[in-house]
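Below, each value reflects all heavy atoms present in this structure, side chains not excepted, and no hydrogens, waters or symmetry copies.
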Amino acid sequence: MASSNGLFIPTLLTGAAWGRLVSIGMCHIFPESLEHPGKYALIGAAAQLGGVVRMTISLTVIIMETTGNITFALPLIITLIAAKWTGDYFNEGIYDTLIQLSGVPLLPWEPPPLSHNIYASEVMSHPVVTLKCMENVGHIVELLRLTTYNGFPVVDPPLTDQAEITTYGRIRGMILRSQLIVILKKQDLQRDIGRLGQYHGKYIPERISSLSDNRPNFH
């Protein structure tokens with residue numbers, strides 16, 4: 001027998017069963033006051049699914065369209081808001097939990113409590129490893145060998161002639177390590193091949209004649 005092993009249908013069926021069970025119990029307690037037990041099953045299904053996925057307005061529209069009765073909009077939205085608030089009090093939604101288990105680097109809605117008193121300069125590497133708009137091949141190769149960074153900001157020349165650079169020019173873009181490696185592999189061994197030119201906000205080598213049409217872009 002075919003069965004749904006997803007999230008929506010099993011959760012809806014479980015919530016509908018709980019709602020129907022409550023309606024049956026109320027029928028025995030108040031036999032004359034309960035007219036439509038199916039409404040309890042609908043509200044139970046919405047509450048169960050809303051508490052699992054933590055959706056409110058979109059889930060209200062979905063369930064309301066399945067019934068074809070717009071009068072259920074108000075009780076459904078109240079039920080889903082209550083389910084979301086109750087679930088948020090105890091833990092996070094199932095999708096947030098799956099994101100954490102999968103190791104996806106997704107920022108939460110609120111920053112960690114201790115991050116309010118931390119400046120960005122306290123967690124960033126120093127000194128900043130940058131590339132100028134005009135660089136030679138030897139410097140780029142040495143930079144790739146000595147560092148493990150995945151990307152390098154491309155900036156204007158420093159505004160000072162001192163040995164220790166305290167201020168940088170305007171940032172022009174970002175170039176990745178993989179893009180630099182591809183460019184170095186496809187160069188023609190010319191002396192001044194490391195000159196970088198600006199073309200519509202993207203950086204491309206000026207004299208790399210062997211690059212194909214799918215050359216990497218510098219973002």
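Separation of atoms CG (Leu101) and CG (Asp96) is listed at 11.0 Å; rounding is to 0.5 Å. To the nearest 0.5 Å, atom CE of residue Met174 and atom OG1 of residue Thr130 are 10.5 Å apart. One distance of note links CG of Leu42 with CZ of Arg20; it measures 12.0 Å at 0.5 Å rounding. Remark: His139 NE2 to Met134 CE distance equals 13.5 Å, nearest 0.5 Å. Atom CD1 of Ile63 sits about 5.5 Å away from atom CG of Leu76, to the nearest 0.5 Å. Residue Ile43 holds its CD1 atom at 7.5 Å from CZ of Phe72, rounded to the nearest 0.5 Å.
Between Arg54 and Lys84, the closest heavy-atom pair is O-CE, 3.8 Å. Considering every non-hydrogen atom in both Leu49 and Leu59, the closest pair reads CD2-CD1, 3.4 Å. Asp156 and Cys133 make their closest contact through OD1-SG, 3.8 Å (heavy atoms, listed as atom of the first residue, atom of the second, distance). Across all non-hydrogen atoms, the minimal contact from Val129 to Pro153 is O-CD, 3.4 Å. Residue Gly50 comes nearest to Ala83 through the heavy atom pair C-CB, 4.2 Å, listed as atom of the first residue, atom of the second, then distance. For Tyr149 against Arg177, the heavy-atom pair with the smallest separation is O-NE, 2.8 Å.
Residues Trp18 and Ile24 fall into different hydrophobic clusters, defined by Ile, Leu, Val, Met, Phe, Trp and Tyr side chains chained together at heavy-atom separations under 4.5 Å. In the hydrophobic cluster analysis, where Ile, Leu, Val, Met, Phe, Trp and Tyr join through side-chain heavy atoms closer than 4.5 angstrom, Tyr95 is grouped together with Met55. Under a hydrophobic-cluster definition in which Ile, Leu, Val, Met, Phe, Trp and Tyr are linked whenever side-chain heavy atoms come within less than 4.5 Å, directly or via other members, Tyr40 and Leu74 are assigned to different clusters. Taking hydrophobic clusters as Ile, Leu, Val, Met, Phe, Trp and Tyr residues chained together by side-chain heavy-atom distances below 4.5 Å, Ile78 does not share a cluster with Tyr89. Clustering ILVMFWY residues whenever any of their side-chain heavy atoms sit less than 4.5 angstrom apart, transitively, puts Phe8 in the very cluster that holds Leu80.
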task = I would like to know whether Leu143 and Ile140 meet side chain to side chain contact (heavy atoms under 4.5 Å, CB included); could you show each step before the answer?
result = CA-CA 5 Å; Leu143 190 65; Ile140 296 177; 5.6 Å; no
query = Do Val154 and Glu135 pass the side chain to side chain contact (heavy atoms under 4.5 Å, CB included) test, and can you show the C-alpha distance, the side-chain angles, and the key distance before you say yes or no?
reply = CA-CA 10 Å; Val154 180; Glu135 289 286 1; over 6 Å; no
key: Test side-chain hydrogen bond (donor to acceptor under 3.5 Å, both in side chains) applied to Thr67 and Asn69, step by step   = CA-CA 5 Å; Thr67 60; Asn69 192 346; over 6 Å; no
request  = Would you check, one step at a time, whether the test side chain to side chain contact (heavy atoms under 4.5 Å, CB included) holds for Val155 with Leu131?
outcome  = CA-CA 6 Å; Val155 299; Leu131 289 173; over 6 Å; no
message = Run Leu144 and Phe152 through side chain to side chain contact (heavy atoms under 4.5 Å, CB included) and show every step you take.
response = CA-CA 10 Å; Leu144 295 177; Phe152 303 92; 3.9 Å; yes
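Atom CD1 of Ile57 has 12 or fewer neighbouring heavy atoms from other residues, nucleotides or ligands inside a 6.0 Å radius. Within 6.0 Å of atom CG in Leu146, more than 12 heavy atoms from other residues, nucleotides or ligands are found, so the atom counts as buried in its surroundings.
Of the possible donor and acceptor atoms, none in the side chain of Gln48 sits under 3.5 Å from a partner among the backbone N and O of Ala45.
Every side chain to side chain contact (heavy atoms under 4.5 Å, CB included) that Val141 has, sequence neighbours left out, goes to Val137, Arg145, Leu184.
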